[in-house]
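Note sheet for the following structure.
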Amino acid sequence: MILSDKDIKRYLRQGKIRITPYDEKEQLKTIGVDLKLGSTFKVFKVTHKAYVDLSEDNYEPDTETVEIPKGGSFVLHPDEFVLGITQEHVELPNDIMAHIDGRSSLGRLGIGAHSTAGHVDPGYKGRLTLEISNIGKLPISILPGMRFCCLIFETLSSPVEKVYRGKYFGTEAPTPSQISREFRKK
């Protein structure tokens with residue numbers, strides 16, 4: 001069941017869900033909490049490789065970390081894909097999951113907040129890496145600190161037995177794919 005604003009407020013007051021920093025007046029919506037864009041981005045570099053080999057030991061995409069100074073902006077070009085991060089640190093209990101949903105106002109400009117990994121596992125703690133893309137025709141300036149996505153919470157039928165402690169647990173910076181860990185030779 002998706003949590004309403006009433007339940008979200010109660011769970012935040014009880015500390016069952018934790019979001020820091022958080023401003024109820026600005027961020028609480030009818031069925032979610034708006035999260036703000038952080039100031040750190042991972043930009044993918046063009047590489048000389050013909051393809052990405054996911055089975056390559058310790059593969060990590062070639063990226064450049066870009067830190068936007070206070071008051072600055074990040075220009076996202078058409079067909080560009082970058083990783084961003086939320087300003088907020090999120091903590092979920094083992095009986096609630098969340099979905100990252102793009103904001104309609106940004107979607108109407110061609111900006112996506114996630115491409116496929118839109119769920120947050122029960123037990124997750126950390127800032128959320130955003131999979132940001134511009135499918136529009138014009139470059140768009142995005143601003144650290146702007147409301148960028150909405151986190152929608154859903155209760156589970158029962159608490160999970162296996163609380164999330166995966167490869168993205170505790171993220172504090174935009175984190176590229178760690179899928180090569182799944183292929184490492186034992």
Side-chain angles (χ1 to χ4, degrees), residues 1-42 60 63 65-68 70 74 82-107 111-133 142-182:
M1 182 179 310
I2 293 175
L3 297 182
S4 70
D5 54 354
K6 180 180 176 179
D7 293 322
I8 294 167
K9 283 196 288 191
R10 181 168 44 94
Y11 286 157
L12 285 165
R13 268 194 309 271
Q14 294 171 349
K16 187 170 183 172
I17 295 173
R18 292 190 176 119
I19 301 173
T20 51
Y22 171 71
D23 178 339
E24 181 179 305
K25 189 173 184 175
E26 182 183 9
Q27 293 176 269
L28 182 65
K29 302 301 171 205
T30 55
I31 60 164
V33 172
D34 279 349
L35 299 181
K36 296 178 182 180
L37 184 62
S39 59
T40 307
F41 298 86
K42 289 273 189 183
E60 186 169 320
T63 61
T65 301
V66 176
E67 186 71 36
I68 304 301
K70 187 172 177 114
F74 182 87
V82 300
L83 299 178
I85 194 87
T86 60
Q87 280 189 349
E88 296 82 4
H89 184 275
V90 175
E91 294 185 22
L92 298 179
N94 64 357
D95 62 348
I96 294 177
M97 67 162 296
H99 300 274
I100 300 170
D101 198 15
R103 292 191 61 221
S104 174
S105 295
L106 292 171
I111 301 294
H114 69 87
S115 53
T116 62
H119 79 273
V120 184
D121 289 297
Y124 179 82
K125 294 180 183 178
R127 291 167 67 192
L128 300 172
T129 294
L130 302 171
E131 302 159 348
I132 304 169
S133 58
I142 54 178
L143 309 165
M146 70 185 293
R147 290 181 299 122
F148 197 77
C149 61
C150 187
L151 200 57
I152 298 170
F153 304 94
E154 193 167 346
T155 57
L156 304 180
S157 59
S158 63
V160 296
E161 291 180 354
K162 184 178 179 181
V163 177
Y164 180 76
R165 293 296 183 267
K167 53 190 170 260
Y168 304 109
F169 183 80
T171 297
E172 292 298 324
T175 306
S177 175
Q178 303 293 306
I179 197 166
S180 69
R181 288 176 161 188
E182 297 173 21

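- Annotation: side chain of T86 is not in contact with side chain of F148 (no heavy-atom distance under 4.5 Å).
- Nearest heavy atom pair, residue P144 against residue G38, reads CB-O, 3.6 Å.
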For residues 99-106, please give each side-chain donor-acceptor pair under 3.5 Å, one per line with the distance, not counting sequence neighbours.
residue: H99; atom: NE2; partner: E154; partner atom: OE1; Å: 2.9
residue: R103; atom: NH1; partner: R147; partner atom: O; Å: 2.9
residue: S104; atom: OG; partner: R108; partner atom: NE; Å: 2.7
residue: S104; atom: OG; partner: R108; partner atom: NH2; Å: 3.0

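- Of the inter-residue distances, the one linking I152 atom CD1 with I8 atom CD1 reads 8.5 Å to the nearest 0.5 angstrom.
- For T155, there are no side-chain hydrogen bond (donor to acceptor under 3.5 Å, both in side chains) partners at least two apart in sequence or on another chain.
- Between the CD1 atom of I31 and the CG atom of D5 there is a distance of 10.0 Å, given to the nearest 0.5 Å.
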Show me the side-chain donor-acceptor pairs of residues 88-95 shorter than 3.5 Å, one per line, residues at least two apart or across chains.
residue: E88; atom: OE1; partner: K36; partner atom: N; Å: 3.0
residue: E88; atom: OE2; partner: Q27; partner atom: NE2; Å: 2.9
residue: E88; atom: OE2; partner: K36; partner atom: N; Å: 3.1
residue: H89; atom: NE2; partner: E172; partner atom: OE2; Å: 3.4
residue: E91; atom: OE1; partner: R18; partner atom: NH1; Å: 3.3
residue: D95; atom: OD2; partner: K16; partner atom: NZ; Å: 3.0

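- Annotation: side-chain hydrogen bond (donor to acceptor under 3.5 Å, both in side chains) contacts of S133 (sequence neighbours excluded): none.
- The side-chain heavy atoms of M97 and L156, taken from C-beta on, include a pair separated by under 4.5 Å.
- Between P174 and T129, the shortest heavy-atom contact is CA-OG1, 3.7 Å.
- Each ring-ring contact (aromatic ring centres under 6.0 Å, His included) pair with one or both residues in residues 12-42, not counting sequence neighbours, appears once here: F41-F74.
- When side chains are defined from C-beta on, L3 counts as touching I17, because their heavy atoms get closer than 4.5 Å.
- The two residues C149 and L130 come nearest to each other via the heavy atoms SG-CD2, 3.9 Å.
- Between L37 and I132 there is a side-chain heavy-atom pair separated by less than 4.5 Å.
- With sequence neighbours left out, T175 forms a side-chain hydrogen bond (donor to acceptor under 3.5 Å, both in side chains) with no residue at all.
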Which is it for V33 and F153 under the side chain to side chain contact (heavy atoms under 4.5 Å, CB included) test, yes or no, and what are the steps along the way?
-> CA-CA 9 Å; V33 172; F153 304 94; 3.9 Å; yes
